[in-house]
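When a residue number appears, it is its place in the shown sequence, counting from 1. One-based numbering, in listed order, for ligands and for the atoms of each. Values reported hereafter were calculated over all heavy atoms of this structure, with side chains retained and with hydrogens, waters and symmetry mates removed.
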Amino acid sequence: MNAAAHGGVTGAEPWLNHRLPKDARRFLPPRPTLTALRKAAASCTGCDLYKNATQTVFGAGPATARLMLVGEQPGDAEDREGLPFVGPAGRLLDRALVAACIDRSLVYVTNAVKHFKWVQRGKRRLHAKPGAREIEACRPWPEAEIAVLAPAVIVCLGATAAQALLGRDFRVTQRRGELIPSTLAPHVMATIHPSSLLREPDKARREAEFARFVAELHRIAALLL
Ligand code: SF4
């Protein structure tokens with residue numbers, strides 16, 4: 001899709017092209033609502049990740065949600081279905097939310113990066129971690145979702161989401177489960193991404209990590225009362 005179709009400039013004004021931000025900002029709608037943001041993000045070409053992905057996977061959940069969960073990026077299943085957290089990590093997240101007595105239908109779930117980055121291995125498309133440039137390019141979308149939703153609590157799931165929203169120096173390994181002072185929302189926490197539990201080969205450690213994750217979500221549930 002060309003720049004003009006996105007409301008950008010055409011090749012007739014090459015001097016202007018140098019002044020456009022090379023990120024998602026130029027695709028933000030003038031009057032953002034969740035519907036307008038989702039529609040605009042569907043045409044985003046703010047970085048190269050759209051080229052190999054099936055579609056933009058925008059956030060999902062009610063506009064009235066008080067809890068916003070932010071993951072890294074869509075996976076294979078999410079890329080095909082166009083919805084966040086519908087694959088194996090999403091099912092694990094669902095289990096954890098049930099265990100923490102949080103109704104997922106009241107939660108807004110999204111990702112820091114809206115297109116699936118992957119590498120081919122045989123017939124499979126394997127997750128590839130988004131780079132700093134891609135995270136930075138995509139950040140206007142989660143920022144706009146936060147601005148529209150104004151959630152009471154934001155939970156960053158994994159290092160990519162935490163570094164996108166809390167700064168590149170933020171380390172989940174050091175500050176997991178802490179309430180982080182932030183202007184993003186009254187309460188902000190960072191913890192693991194549920195996909196890390198799927199990668200843990202040791203059963204006892206996996207179960208202990210899951211229990212810790214649920215305990216963190218219990219603390220979040222208490223903040224929502
Ligand atoms: S990953 Fe984000 S910035 Fe890059 S094309 Fe997709 S929506 Fe746009």
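- Annotation: ring-ring contact (aromatic ring centres under 6.0 Å, His included) contacts involving residues 144-201, sequence neighbours excluded, comprise Phe85-His193.
- Val113 belongs to a hydrophobic cluster with Leu49, Ile135, counting contacts under 4.5 Å between side-chain heavy atoms of Ile, Leu, Val, Met, Phe, Trp and Tyr, direct or through other members.
- Protein N/O/S atoms closer than 2.8 Å to atom 4 (Fe) of ligand 1, listed by chain and residue number, are Cys47 SG.
- Taking a 6.0 Å sphere around CZ of Arg205, one finds it holds 12 or fewer heavy atoms contributed by other residues, nucleotides or ligands.
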- [ ] Using the salt bridge (charged side-chain N to carboxylate O under 4.0 Å, His left out) rule, take Glu216 and Arg219 through it: C-alpha gap first, then chi angles, then the decisive distance, then the call.
- [x] CA-CA 5 Å; Glu216 289 161 347; Arg219 285 186 64 206; over 6 Å; no
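- Those atoms of ligand 1 with a heavy atom of Trp141 less than 4.0 angstrom away are 7 (S).
- Counting non-hydrogen atoms of other residues, nucleotides and ligands closer than 6.0 Å to NZ of Lys129 gives a total above 12.
- Taking the side chain to side chain donor-acceptor pair (under 3.5 Å) definition, one finds that Gln163 meets it with nothing, sequence neighbours left out.
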